[in-house]
Every structure is written in C-alpha cells, then in structure tokens.
Amino acid sequence: MEKTKNYIKLGLFVTIGTVLLVLALYLIGSKKNLFSETIKVNTLFRNIGGLLPGNNVRFAGINVGTIQNVKIVNDTTVLVTMIIEKDSKKFIRKNSVTDIGSDGLMGNKLINISASSSESSIIEENDTLLSLKSVGTDEMMHTLSNTNMNVYDISTDLKAIMKRINNNSVLWNLLSDTTLARKVRTSMENVEQTTKHASELSANMEGILKDIHDGKGAAGKLIGDKAVADDLANSIANLKAASDTAKLALHHMHEFMRDLNITPGPLGVLARDTAMANDLKSTIHNLDRSSSLLQEDLKAVQSNFLLRKYFKNKIKAEKDSVK
Amino acid sequence: MFKKNRYKDFLKETGEISAFAGRFFKEGFKPRYEFAELIRQCFIIGYQSLPLVCVTAFIMGLVLTVQSRPTLEEFGAESYLPAMVAISVIREIGPVITALICAGKIGSSIGAELGSMRVTEQIDAMEVSGTNPFKYLVVTRILACTLMLPLLVIVGDTISLYASYIGVNLKGVVSWHLYYTQVFDTIDFSDLIPAFIKSYFFGFVIGLIGCYKGYNSKKGTEGVGLAANSAVVVSSLLIFILDLIAVQIADLMGLT
C-alpha cells in the first residue's frame with residue numbers, strides 16, 4: 001500500500017517535471033516559429049551589420065518571424081532567409097521593403113519589413129524582397145564626427161569674432177550711445193514721413209497720369225490729340241528742314257573760312273596780319289579821338305554867332321512839328 | 001615523499017572512479033534490471049528532494065531579483081530584470097544550485113548508506129546470497145540520480161522564475177503576462193538545452209561519487225562518515241568542473 005502511494009507520488013513528480021520541460025520547449029519554440037506554419041522569404045543586403053540567425057523579423061513593429069539563415073552570395077551581397085508566419089503572410093506585399101534595425105538603442109539586430117504605398121500581390125514562398133540601406137552606428141558616428149569638426153570650426157570663428165567685438169571700443173560706444181538711438185529714431189520718423197509724401201506724390205502722379213490718359217491738359221493733348229501730334233510732326237519736319245539749311249550754311253561758312261585762310265585777299269590779310277591789326281586798332285583809336293575833338297569843335301561852331309541863328313531856327317521848327 | 005603519495009593517491013582514485021563508472025555502464029545495460037529498486041531510488045532521490053529543491057530555488061529566484069534590481073536601476077534598465085534573472089536561472093543558477101543541494105542531500109545519504117552496508121558486510125552478504133550488489137545498489141542509485149536531477153532542475157527553474165516574478169513585483173508593477181512574455185522572449189533553446197543536458201551529468205556525478213565512496217568505504221564506522229563527507233566534497237567539486245567543461249563546449253558550439 002505504502003509502495004503504491006510512493007509510486008503515485010514519484011509518477012506525479014516525473015509527470016510535472018516532464019510537462020514543465022515540454023512546456024518550456026514549446027514556449028521557446030513557439031517564439032521561434034518552430035511549431036506554426038511558415039513560409040520562407042529572402043532579402044538581399046550589402047551589409048547586415050551583425051544580423052544573426054534567430055533574430056526577429058518585424059512587420060509594422062510586430063514580430064512575424066525569425067531569420068533562418070544568413071549566407072554570403074558574393075563580395076557585395078548577403079542573402080538573408082527569413083521564416084514568416086503564414087498568418088502574417090497575407091499582409092505582406094511583394095513590393096514591401098526590408099531594412100535592418102535594432103531592438104532599442106543597443107539591442108539585438110532585427111529586420112523590419114515596411115509596406116510600400118503602391119499596389120502589389122501578396123508574397124509567396126521564396127520571394128525576394130527589396131532592401132533599404134540601413135544607417136549603421138559607424139556611419140552615424142562618422143557623420144557625427146564631421147558635424148563635431150564643423151561645430152568646432154564654427155565655435156572657434158565665433159570665439160575670434162566675439163573677442164574682436166569685445167576689444168572694439170567703437171562698437172561698444174556705438175551700442176552705448178543714446179544720441180545715436182535718438183537720431184536713428186528721428187531718421188526713421190523722417191523716412192516714415194518721406195514715404196508718406198512719396199505715397200501722396202504717387203497718388204498725385206496717378207491723378208496726373210489719369211488726366212493725361214483722359215486727354216486733359218497740355219500733356220494730355222500732346223499725347224491724346226491727333227491734330228497736336230500732326231502739328232508736332234510738322235514742326236519736327238520744319239525743324240529738320242531748318243537744321244538742314246543751317247547745316248548747309250555752316251558748310252558754306254566753313255568753305256568761306258577756308259578760302260579766307262588760303263587765298264591772299266584783303267580780308268584774309270586783315271584776319272591774319274597782326275601788325276595791320278595793331279595799326280587798325282591805333283587808327284580806330286585816333287579816329288575816336290579825332291571824332292571827339294571834332295564834336296567839341298562842332299559844339300564850338302554851334303555856339304558861334306554866325307551860325308547860332310540857324311540852329312535856333314532848327315530847334316524851333318522841330319518843336320512846331322511836334323505840336 | 002608525502003606530496004608524491006598524494007599525487008599517486010589522486011591518480012589512483014581517479015582511475016578507480018573511472019573504472020567504477022565503466023563498471024556501471026557494463027553492468028547497467030546487462031539484464032536483469034532492478035526496476036523496482038530503481039523506482040524506489042527515484043522516489044527517494046527525486047520526490048523526497050523536491051521540498052528542499054523548491055525552497056532553495058524559490059529563495060534563489062527572489063534574492064537574485066531583489067539584489068539585481070539596484071544595479072539595473074542605475075542603468076535605467078529595470079525592464080530587463082525578468083530577462084536577466086531568467087537567463088541566469090535557466091543557464092546557470094538553476095542547474096548548479098540544484099545539483100549542489102542534491103550533492104549535499106543525496107550524495108551524503110548514498111555515501112553513508114552504502115558505506116554502512118559495506119562496513120556491516122551487508123554487501124558481502126548480498127554477494128553470497130547471489131544478488132549482484134553492484135547492480136542492485138549502485139546501478140539503480142546512479143541511474144535514479146541521473147534521471148531525477150534534470151527533472152528537479154526543471155521544477156526548480158520554474159519555482160525560481162515564479163519567485164523572481166514576486167521579486168520584481170515587490171518594488172515595481174509587472175503583470176504576469178508581461179513577465180512571462182519578457183522571459184520567453186529572452187530564453188532560447190541554446191539556454192535551456194545545454195543546461196538540461198549538463199544536469200544529467202551533474203546527476204550522474206552525484207550518484208557515481210556517492211556510490212563509489214560508500215561502496216569502497218573502509219575503516220569501520222569512521223569510514224562511513226568519511227565516505228559521506230568525501231562524497232559531498234568530491235561531487236560538489238566535480239559539479240563545478242563539469243560546469244566549466246559544459247560552458248566551454250557550449251561556447252565552442254556557439255550556444256552561449
């Protein structure tokens with residue numbers, strides 16, 4: 001009796017132990033899709049960045065499978081074979097793209113499958129999905145290093161600029177000058193007024209232009225009236241004729257002057273001979289003097305008793321004629 | 001001279017244990033099989049060790065969780081607590097602690113039992129009566145140890161993980177569903193299978209050393225104590241050595 005009891009107890013223990021073991025194996029296996037129906041899908045990468053068989057495959061952030069195998073095809077291609085649950089298959093299209101991500105910042109690598117916007121049929125066994133080049137930590141670090149260098153350069157320049165600004169008393173005076181601010185404000189007020197005037201002016205101009213357009217005023221007539229335009233055209237034609245005549249006259253004048261220069265005529269001599277010019281000058285001077293003397297003499301003659309009567313009569317006759 | 005003798009004794013004992021193991025395989029596979037005695041031993045070794053293993057596993061799971069929390073909190077990785085504890089328990093702590101507990105309880109009891117049987121010449125009497133004492137006493141005990149220890153380890157792991165769940169919820173709130181998902185998301189076959197296989201070896205070593213020490217005990221009643229003592233010491237040491245070998249093999253096979 002006791003023996004049977006012990007057997008039962010042992011049987012219970014063994015059963016519990018075995019069940020726990022089987023349960024643990026099943027639970028682990030179910031996570032690795034060992035007991036569910038699956039399909040195989042491939043994808044190609046240039047660099048898988050440490051992806052291992054057994055890593056998860058996610059679609060829309062949900063685990064839908066695992067990596068079965070990773071194989072180098074050639075020097076630039078790595079073939080990754082994924083096992084995807086059949087239940088999730090219907091959501092994944094042939095034009096879906098894969099990329100390598102990680103579970104958290106430092107977590108295990110995994111493959112993300114992302115849906116494309118365009119239409120396509122559902123994936124089948126052994127289909128190959130397109131892949132995106134993922135940004136690796138190394139690449140990120142490299143870019144970050146470049147950025148750091150740039151930031152360093154910029155900060156050095158900024159430091160130098162700030163130093164120069166601090167050492168520059170002119171700028172500080174400029175900044176601390178209150179009168180400048182007042183002047184600037186006045187200038188701004190002036191600018192405001194000027195723009196106001198400009199606005200008024202442009203309004204006036206608009207009015208004027210409107211009047212001109214309507215044919216009002218001289219300018220309007222000038223532009224709008226056909227008769228004025230004809231007159232103007234005539235005037236311009238006349239002006240042209242006059243300018244032609246003037247041009248001809250100038251031409252003749254030019255020829256005349258040339259002749260004057262070339263031919264040994266009296267006028268040419270008169271024009272060029274400086275000695276004669278001086279003589280002429282002194283002659284004219286003498287003539288001027290002589291004429292003034294003559295005037296004086298004539299005044300003396302007028303006052304002479306012999307001729308006085310004649311002049312008196314003449315003045316009288318002139319007065320009478322005026323009356 | 002003394003040192004030389006010690007080396008010689010060590011080598012002699014290693015050779016004798018190996019021969020003892022060889023004899024186990026030789027006698028074990030030969031009929032007639034002592035099923036009734038095997039099951040009795042399984043009951044004693046497996047079932048009767050269960051309370052001790054469960055209590056130890058529960059405490060280990062709880063303590064490990066509570067003690068790991070502050071360190072993980074420092075890194076802000078508190079959410080990794082279930083995963084970390086599960087990996088530690090399944091891979092290492094579960095099998096080794098259970099094996100050590102069993103080495104203490106089972107190894108010493110086998111050593112003392114067989115030792116006293118040897119001293120009181122019961123083994124010789126069995127030989128005379130035509131019963132193969134090796135088959136009846138040794139093979140059944142070693143086999144029972146080998147078979148029962150992995151089961152004890154599995155039960156112990158389960159208890160530890162439940163204790164860890166309690167430990168996680170002492171200072172935080174993690175639902176059972178989330179805890180279980182995190183644990184089984186982390187654990188892989190490469191964690192469970194090597195640990196399960198090595199626990200067979202641990203069981204084998206506990207049974208082998210206990211039986212060897214008891215079966216070959218001398219010097220009267222003093223020898224019984226000595227056999228029990230050395231059975232625990234040697235089997236505990238061998239458990240660690242086996243663990244070292246197991247981790248290297250697992251590493252070579254890419255299972256770490």
Side-chain angles (χ1 to χ4, degrees), chain A residues 1-36 38 50-58 61-71 83 85 101-111, chain B residues 35-51 53-54 57 75-77 79-80 83 86 89-90 94 98 144 147-162 180-193 195-197 199-200 203 254-255:
Chain A
M1 192 62 194
E2 183 68 24
K3 218 175 172 182
T4 322
K5 250 185 174 175
N6 289 350
Y7 280 170
I8 292 168
K9 285 174 186 170
L10 178 65
L12 194 70
F13 164 65
V14 172
T15 313
I16 289 171
T18 315
V19 165
L20 286 177
L21 176 68
V22 171
L23 206 66
L25 292 175
Y26 178 77
L27 286 173
I28 297 169
S30 66
K31 296 279 174 192
K32 304 290 166 198
N33 303 318
L34 286 184
F35 306 116
S36 55
T38 55
L51 191 77
L52 292 170
N55 280 147
N56 287 324
V57 177
R58 284 184 183 167
I62 299 166
N63 288 339
V64 293
T66 51
I67 309 295
Q68 193 196 33
N69 194 20
V70 171
K71 197 170 124 191
I83 299 175
E85 290 168 20
S102 67
D103 195 4
L105 194 62
M106 308 295 280
N108 291 327
K109 292 279 174 187
L110 52 87
I111 283 190
Chain B
F35 278 117
E37 178 63 11
L38 175 68
I39 287 169
R40 198 179 75 85
Q41 288 303 325
C42 283
F43 176 75
I44 295 166
I45 291 164
Y47 185 80
Q48 289 190 342
S49 306
L50 197 60
V53 168
C54 286
F75 296 105
S79 59
Y80 283 95
V89 166
I90 302 264
T98 310
L147 293 176
M148 288 298 108
L149 202 79
L151 291 180
L152 285 172
V153 167
I154 287 290
V155 175
D157 284 352
T158 313
I159 302 280
S160 276
L161 291 180
Y162 185 72
Y180 143 90
T181 312
Q182 282 183 325
V183 166
F184 283 99
D185 258 357
T186 318
I187 298 170
D188 210 337
F189 281 127
S190 60
D191 299 317
L192 186 64
I193 302 292
F196 192 68
I197 292 170
S199 56
Y200 275 105
L255 295 174

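We use all heavy atoms of the structure for the numbers below, so side chains are in, but hydrogens, waters and symmetry mates are not. Numbered from 1 within each chain, the chains take letters A, B, ... in sequence-line order. Remember, predicted model here, so these are calculated numbers, not experimental data.
Of all heavy-atom pairs spanning A/L10 and B/Y47, the tightest one is N-CD1, 4.4 Å.
One distance of note links CZ of B/F184 with CG of A/L23; it measures 6.5 Å at 0.5 Å rounding. With values rounded to the nearest 0.5 angstrom, A/N56 atom CG is found 7.0 Å from B/D185 atom CG. The CG atom of A/N6 lies 12.0 Å from the SG atom of B/C42; values are rounded to the nearest 0.5 Å.
The side-chain hydrogen bond (donor to acceptor under 3.5 Å, both in side chains) test applied to A/N69 returns no partner, not counting sequence neighbours. Remark: A/F13 pairs with no residue by the ring pair (Phe, Tyr, Trp, His ring centres under 6.0 Å) rule, at least two apart or across chains.
Heavy atoms of B/L192 lying under 4.5 Å from chain A belong exclusively to its side chain. There is no contact between B/L147 and chain A, counting heavy-atom distances below 4.5 Å. Heavy-atom distances place the side chain of B/L50, and not its backbone, under 4.5 Å from chain A. At a 4.5 Å heavy-atom cutoff, the contact between A/V14 and chain B is made by backbone and side-chain atoms alike.
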> Going through the distances and angles, do B/I193 and A/L25 end up as a side-chain contact (heavy atoms from CB on, under 4.5 Å)?
Replying inline: CA-CA 9 Å; B/I193 302 292; A/L25 292 175; 3.6 Å; yes
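If you run side-chain contact (heavy atoms from CB on, under 4.5 Å) between A/L21 and each of B/T158, B/I154, B/V155, only B/I154 comes through.
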